[in-house]
Number of protein chains: 2
Amino acid sequence: MSNLLHRLATRGWQMTPQRRVIAEVLAGDHVHLTADEIHAQAIAKLPEISRATAYKALTEMVALGEVAVVNVEGRARRYDPNVDRAHQHLVCERCGLIRDIHPAGQEGLALGPSSGFGFKLTGVDVVFRGICPDCSAAATL
Amino acid sequence: MSNLLHRLATRGWQMTPQRRVIAEVLAGDHVHLTADEIHAQAIAKLPEISRATAYKALTEMVALGEVAVVNVEGRARRYDPNVDRAHQHLVCERCGLIRDIHPAGQEGLALGPSSGFGFKLTGVDVVFRGICPDCSAAATL
DNA sequence: CTGCTTGCAAATTGTTTGCAACACC
DNA sequence: GGTGTTGCAAACAATTTGCAAGCAG
């Protein structure tokens with residue numbers, strides 16, 4: 001379940017060297033890279049990958065629902081391969097570090113019907129903002 | 001409290017015709033405009049406002065903490081003048097409509113210390129995604 | 001005069017697209 | 001040979017910045 005490459009394969013997504021490398025960069029937890037960061041890491045493994053190819057691959061993975069976009073402040077979009085389990089994000093306002101939070105079962109984020117304005121809900125994005133331990137420590141130096 | 005112009009004045013923000021018009025555009029509830037929309041509406045009231053001035057005014061209002069940025073999917077940043085009461089957002093995935101939600105006192109969005117990775121929390125952003133009533137109706141036609 | 005604000009235009013940044021060359025059944 | 005993928009470069013979109021001119025105290 002947790003393997004992005006495997007999930008993409010079972011979804012019938014045609015694999016190529018470039019796409020494999022891009023998907024490999026997106027492996028692991030607490031991964032929330034920008035397209036440019038993904039491209040840079042992909043190039044390290046396979047030198048001749050163009051930016052356009054990286055963007056197209058990412059767009060398709062998102063369309064397949066196997067990669068999510070994280071809406072954090074800042075110009076660059078960030079990609080999160082961890083779509084298996086609904087989770088929330090914790091962002092450091094100082095350095096931009098992002099950690100995943102897996103809510104402990106409460107999942108109190110259902111919206112009362114009275115406050116829903118008649119929307120059909122499809123998902124929730126929760127972003128906690130704060131200062132990470134490293135930045136806190138640096139501030140007190 | 002709810003008047004943005006008043007809040008800006010009491011914060012010592014120097015007022016100018018351009019800034020007043022921009023702040024006026026940002027009045028009301030369920031307002032989540034992009035910089036370009038704000039600029040367009042501002043021009044309707046005062047023809048010679050440049051985009052740069054609109055951007056600068058918005059950036060300063062955000063820096064003062066009197067206007068918030070809403071992180072929704074889509075390229076353009078959206079500005080929300082309603083910073084008085086912590087609230088959440090409900091976004092239509094079809095048409096992009098955004099409504100404010102004022103949680104009914106539960107505010108269950110505190111983060112247990114165990115799951116906080118040692119962050120000092122400063123805020124939370126909650127974005128519910130769904131399909132608005134109008135879009136639901138349009139889909140069944 | 002001095003300092004902050006404005007407006008224009010150009011620069012930056014992030015993302016998308018058109019299109020020819022290529023690889024794979 | 002047709003379908004789909006790649007890479008380059010150019011197009012786009014959103015935002016920021018440099019700088020000369022304007023306004024207010």
Side-chain angles (χ1 to χ4, degrees), chain A residues 5 8-9 11-26 32-64 66-80 91 96 98, chain B residues 5 8-9 11-26 32-64 66-80 91 96 98:
Chain A
L5 276 162
L8 290 167
R11 295 295 236 82
W13 196 53
Q14 186 172 326
M15 194 51 71
T16 69
Q18 290 89 333
R19 290 179 174 189
R20 184 186 330 279
V21 166
I22 290 166
E24 282 170 1
V25 169
L26 280 172
H32 316 88
L33 300 166
T34 65
D36 244 30
E37 290 166 345
I38 293 165
H39 179 228
Q41 292 192 32
I43 278 183
K45 298 184 171 203
L46 190 68
E48 294 281 299
I49 293 182
S50 77
R51 215 177 306 266
T53 299
Y55 271 106
K56 282 174 195 160
L58 289 167
T59 302
E60 288 179 38
M61 291 188 234
V62 171
L64 284 171
E66 297 298 348
V67 167
V69 173
V70 186
N71 292 309
V72 290
E73 189 47 29
R75 22 189 159 267
R77 207 168 283 173
R78 291 185 175 275
Y79 296 88
D80 183 344
V91 182
I98 304 179
Chain B
L5 276 162
L8 290 168
R11 296 295 237 82
W13 195 53
Q14 186 173 327
M15 193 52 70
T16 69
Q18 290 90 333
R19 290 178 173 189
R20 185 187 328 280
V21 166
I22 290 165
E24 283 170 0
V25 169
L26 279 172
H32 316 87
L33 300 167
T34 64
D36 242 30
E37 291 165 345
I38 293 165
H39 179 228
Q41 292 191 32
I43 278 184
K45 298 182 172 205
L46 191 66
E48 295 281 298
I49 294 182
S50 77
R51 215 176 305 266
T53 298
Y55 272 106
K56 281 174 195 160
L58 289 168
T59 302
E60 287 179 39
M61 291 188 234
V62 171
L64 284 172
E66 297 298 348
V67 168
V69 173
V70 186
N71 292 309
V72 292
E73 188 48 28
R75 21 195 162 268
R77 207 167 284 174
R78 292 184 174 275
Y79 296 87
D80 184 343
V91 182
I98 305 179

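Quick note on labels: first sequence line is chain A, next is B, and so on, each numbered from 1.
A/Arg78 contributes a side-chain N or O that, together with a main-chain N or O of A/His32, makes up a donor-acceptor pair within less than 3.5 Å. Of the possible donor and acceptor atoms, none in the side chain of A/His39 sits under 3.5 Å from a partner among the backbone N and O of A/Thr53.
Across all their heavy atoms, A/Gly96 and A/Val91 have their closest contact at O-CG1, 4.4 Å. Smallest separation of non-hydrogen atoms from A/Val25 and A/Ala42: CG2-N, 3.8 Å.
Under the 4.5 Å side-chain criterion, counting only non-hydrogen atoms from C-beta, A/Arg19 is not in contact with A/Met61.
Between B/Gln18 atom CD and D/dG22 atom C1' there is a gap of 11 Å when expressed in whole angstrom units. What separates CZ of A/Arg51 from P of D/dA10 is a distance of 14 Å, to the nearest Å. A/Glu73 places its CD atom 16 Å from the P atom of D/dA14, with the value rounded to the nearest Å. Rounded to an integer number of Å, the gap from A/His39 NE2 to C/dT15 P is 13 Å. Here the C1' atom of nucleotide C/dT5 and the CZ atom of B/Arg20 are 14 Å apart, to the nearest Å. Put simply, CD1 on B/Ile43 is 13 Å from C1' on C/dC8, counting in whole angstrom units. Here the P atom of nucleotide C/dT5 and the CG atom of B/Leu8 are 13 Å apart, to the nearest Å. Between the CD atom of B/Glu60 and the P atom of C/dC4 there is a distance of 11 Å, given to the nearest Å.
At least one side-chain nitrogen or oxygen of A/Tyr55 sits closer than 4.0 Å to the OP1 or OP2 atom of C/dT15. Look at B/Thr59 and you won't find any side-chain N or O under 4.0 angstrom from OP1 or OP2 of D/dT15. Between A/Thr53 and D/dT5, a side-chain N or O to OP1/OP2 separation shorter than 4.0 Å is absent. Within the structure, every side-chain polar atom (N or O) of B/Gln14 is placed at least 4.0 Å from both OP1 and OP2 of C/dC4. For the pair A/Arg19 and D/dT6, the criterion of a side-chain N or O lying under 4.0 Å from OP1 or OP2 is met.
Closest to the B/Arg75 side chain, of the nucleotides C/dG14, D/dT6, D/dA14, is D/dA14. Side-chain proximity of A/Arg77 to the nucleotides C/dT16, D/dC8, C/dT5 is greatest for C/dT16. The side chain of A/Ala35 approaches C/dT15 more closely than any other nucleotide in the set D/dG7, C/dT15, C/dG7. Each of D/dC8, C/dG14, C/dT5 was ranked by its minimum atom distance to the side chain of A/Ser50; first place goes to D/dC8. Out of D/dT16, C/dC8, D/dG7, the shortest distance to the side chain of B/Glu48 is found at C/dC8.
Comparing B/Arg78 and A/Lys56 against DNA chain D, the residue whose closest nucleotide sits nearer the 5' end is A/Lys56. Positionally, the nearest nucleotide of DNA chain C for A/Asp36 lies more toward the 5' end than for the other of A/Asp36 and A/Ala52.
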